[in-house]
Number of protein chains: 2
Amino acid sequence: MSMIDGTRVKETSATHGAYVTLREMILTGALPAGEKLKIEQLRGLLNTGASPVREALSLLTSDMLVERIDQRGFRAAPASKANFEEILALRCTLEDLALRQSIQNASPAWEEKLVLAHHHMKKASGQGTKLFEEAHKKFHMALLANSHSPILERLCAQLYDLNIRYRYLAAKSNTYQKRDVSAEHEEILEAAIQRDQDRASARLLSHYRLTGEYLTRELDI
Amino acid sequence: MSMIDGTRVKETSATHGAYVTLREMILTGALPAGEKLKIEQLRGLLNTGASPVREALSLLTSDMLVERIDQRGFRAAPASKANFEEILALRCTLEDLALRQSIQNASPAWEEKLVLAHHHMKKASGQGTKLFEEAHKKFHMALLANSHSPILERLCAQLYDLNIRYRYLAAKSNTYQKRDVSAEHEEILEAAIQRDQDRASARLLSHYRLTGEYLTRELDI
DNA sequence: TTCTCCAAAAATATCGATATTTATTGACAT
DNA sequence: ATGTCAATAAATATCGATATTTTTGGAGAA
């Protein structure tokens, strides 16, 4: 516990804090793909002990964001066009499945959450990228959240994050795309609410593939 | 390093050793699903320190074999019929995809590895279950090993392991099934070598679904 | 030069001890 | 009886130090 403004603040565990920070740094490229991740160095950066750092790195291994090298420590997972394309293809397969299942199980409660997630994303649109990114992920996960298949949802979330990394990589040296992404979102939402599996899935996949093509063009790795 | 018969034996790291042992114990049910996994207790069991145990448990979390509970340690992942059915369904989707890709990329080298894997599995057939289990997994993974999609292959391997656990759970109180499983394997192999995607996939999925039905009957969780 | 081998340095993996947090127990009030 | 609360016990999370392992750098041989 610590005190801020006389209010008790339950701090997240050191491990979890390290996990969140490192994850963010890898996703945004602050820790470049392929880079060696030295415990001592990170220990300093995160202001914590070696144990939490090691454990956070272990956890990031599950997320495929960090690789463990035999007895030689850790490194940020390498990035490549092939890897990006694999992620894109897998996402299309798995999200297609998850979205269809979500729609099959459609319920008013799910619909409402979906509408709200979309609303929040629209509101966050102008503001700082960070906030929008969060809302964007929540919207996409809300689409899949009714699939009744927790493992599938987990995989989709994981692949979503892996994909984000490539967005940041491409953003490094780009002229920003001027597709009407928000119109695409509206269309996906509309089709989902109408419970039209084929249309919703087609639009979702097109949304991903358009972004994919754009990223493939920008990436030089 | 340690010496056995005057031969230097490179010991696997304590973490890796703990990982392998714990994994085996969870898969076979020596550590029952849902059970609390106390560090001290495992530390004694595995004859090692707390750090390797913690790290092994972290790694098993990636494999969905262990769950981390907030600040209350770890437990073996719970098992349920719903979970089993989800795993079965996902395996069918993902292995279908991986097998088709493998066949699309078919090469003599892959074919040969496949034939060998099948051969080894047949030879291991009578012998101790452990050896056959290993060969069986290798055969199934060999089918998918040419998909050129490492993430997909990894997911399939993970789901394969999750499924094994249910085989052991069902085996606890069962009359052994007398399906001609080896004939099913032959048919899958044959179709794959003939590069017939539809037939190979249909047979593979039928193989899984038959086992699935059988397990669903036997399971009482 | 290029290669091999050995010491020095750096980094990782592991241990044992301590600080925190969570779970348990039993006394006390209702 | 039943429920609450504090004290105790148990377990987890974290630290600092040590033992191993890998990497580096350079001396000497081919």
Side-chain angles (χ1 to χ4, degrees), chain A residues 1-4 7-23 25-26 31-63 65-78, chain B residues 1-4 7-23 25-26 31-63 65-78:
Chain A
M1 301 268 210
S2 73
M3 303 285 276
I4 295 179
T7 311
R8 256 161 223 289
V9 174
K10 165 86 173 187
E11 275 163 6
T12 176
S13 73
T15 294
H16 188 252
Y19 171 76
V20 170
T21 308
L22 287 175
R23 176 195 184 82
M25 292 179 77
I26 293 173
L31 290 172
E35 179 144 306
K36 183 85 206 297
L37 301 174
K38 298 183 192 169
I39 307 281
E40 266 312 302
Q41 169 191 317
L42 298 177
R43 210 197 65 74
L45 201 71
L46 302 170
N47 213 51
T48 182
S51 313
V53 172
R54 278 189 74 78
E55 206 161 323
L57 289 172
S58 272
L59 292 173
L60 286 164
T61 295
S62 347
D63 301 339
L65 286 171
V66 164
E67 282 184 1
R68 160 183 295 253
I69 339 171
D70 197 29
Q71 217 133 354
R72 253 157 290 175
F74 302 85
R75 79 165 144 216
Chain B
M1 301 267 210
S2 72
M3 302 285 276
I4 296 179
T7 311
R8 254 162 225 289
V9 174
K10 166 83 172 187
E11 274 163 6
T12 175
S13 73
T15 295
H16 188 252
Y19 172 76
V20 170
T21 307
L22 287 176
R23 176 194 184 84
M25 292 179 77
I26 293 173
L31 290 172
E35 179 144 308
K36 183 87 208 294
L37 300 174
K38 298 183 192 169
I39 307 279
E40 266 311 301
Q41 169 191 319
L42 297 177
R43 210 198 66 73
L45 201 71
L46 301 172
N47 213 50
T48 183
S51 313
V53 172
R54 277 190 75 79
E55 206 161 322
L57 289 173
S58 272
L59 292 172
L60 286 164
T61 295
S62 346
D63 301 339
L65 286 171
V66 164
E67 281 184 3
R68 163 182 292 254
I69 340 172
D70 197 29
Q71 218 134 354
R72 254 157 290 176
F74 303 85
R75 79 165 147 217

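Per chain, numbering begins at 1; letters A, B, ... match sequence-line order. Every heavy atom of this structure was used, including side-chain atoms; hydrogens, water molecules and symmetry mates were not.
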ask   = Stepwise, does the side-chain contact (heavy atoms from CB on, under 4.5 Å) test hold for B:Val53 with B:Leu57?
value = CA-CA 6 Å; B:Val53 172; B:Leu57 289 173; 4.0 Å; yes
ask   = Checking all strands, does A:Leu37 fall into the base, sugar-phosphate, or nothing category for heavy-atom contacts under 4.0 angstrom?
value =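 Sugar-phosphate contact only - A:Leu37 comes under 4.0 Å of backbone atoms but never of a base.
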Listed nucleotide nearest any side-chain atom of [X], set [options]:
| X | options | result |
| --- | --- | --- |
| B:Lys38 | C:dT12, D:dC15, D:dT12 | D:dT12 |
| B:Thr15 | C:dT14, D:dT22, C:dT22 | C:dT14 |
| B:Arg72 | C:dT14, C:dT22, C:dA11 | C:dT22 |
| B:Gln71 | D:dT21, D:dC15, C:dT22 | C:dT22 |
| A:Ser13 | C:dT14, D:dC15, D:dT14 | D:dT14 |
| A:Ser51 | C:dC15, D:dC15, C:dT14 | D:dC15 |
| B:Phe74 | D:dC15, D:dA13, C:dT14 | D:dA13 |

request  = Give the C-alpha distance, both sets of side-chain angles, the deciding distance and a yes or no for side-chain contact (heavy atoms from CB on, under 4.5 Å) between B:Arg75 and B:Ile69.
outcome  = CA-CA 8 Å; B:Arg75 79 165 147 217; B:Ile69 340 172; 4.3 Å; yes
message = Set out, in order, the CA-CA distance, both residues' side-chain angles and the distance that settles side chain to side chain donor-acceptor pair (under 3.5 Å) for A:Arg54 and B:Ser51, then state yes or no.
response = CA-CA 10 Å; A:Arg54 278 189 74 78; B:Ser51 313; over 6 Å; no
ask   = Looking only at side-chain N and O atoms, does B:Thr48 come under 4.0 Å of OP1 or OP2 in C:dC15?
value =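 Yes, because at least one side-chain N or O of B:Thr48 sits under 4.0 Å from OP1 or OP2 of C:dC15.
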query = Below 4.0 angstrom from OP1 or OP2 of D:dT12, is there any side-chain N or O of B:Lys36?
reply =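 For B:Lys36, the contact criterion (side-chain N or O under 4.0 Å from OP1 or OP2 of D:dT12) is met.
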Rounded interatomic separation in angstrom, taking [atom1] from [X] and [atom2] from [N]:
| X | N | atom1 | atom2 | result |
| --- | --- | --- | --- | --- |
| B:His16 | D:dT21 | NE2 | P | 16 Å |
| A:Asp70 | D:dT20 | CG | C1' | 13 Å |
| A:Ile69 | C:dT12 | CD1 | P | 9 Å |
| B:Glu55 | D:dT12 | CD | C1' | 16 Å |
| A:Leu59 | D:dA13 | CG | P | 11 Å |
| A:Leu46 | D:dC15 | CG | P | 11 Å |
| B:Arg54 | D:dT14 | CZ | P | 7 Å |
| A:Ile39 | D:dT22 | CD1 | P | 16 Å |

Sidechain-backbone polar pair: B:Arg43 side chain, B:Thr48 backbone, donor-acceptor under 3.5 Å =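 Yes, B:Arg43 side chain to B:Thr48 backbone: donor-acceptor pair under 3.5 Å.
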ask   = Mapping B:Glu40 and A:Ala50 onto DNA chain D by nearest heavy atom, which one lands closer to the 5' end?
value =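 Result: B:Glu40.
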query = Got a salt bridge between A:Glu55 and B:Arg68, using NZ or NE/NH1/NH2 to carboxylate O under 4.0 Å?
reply =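 Salt bridge: yes.
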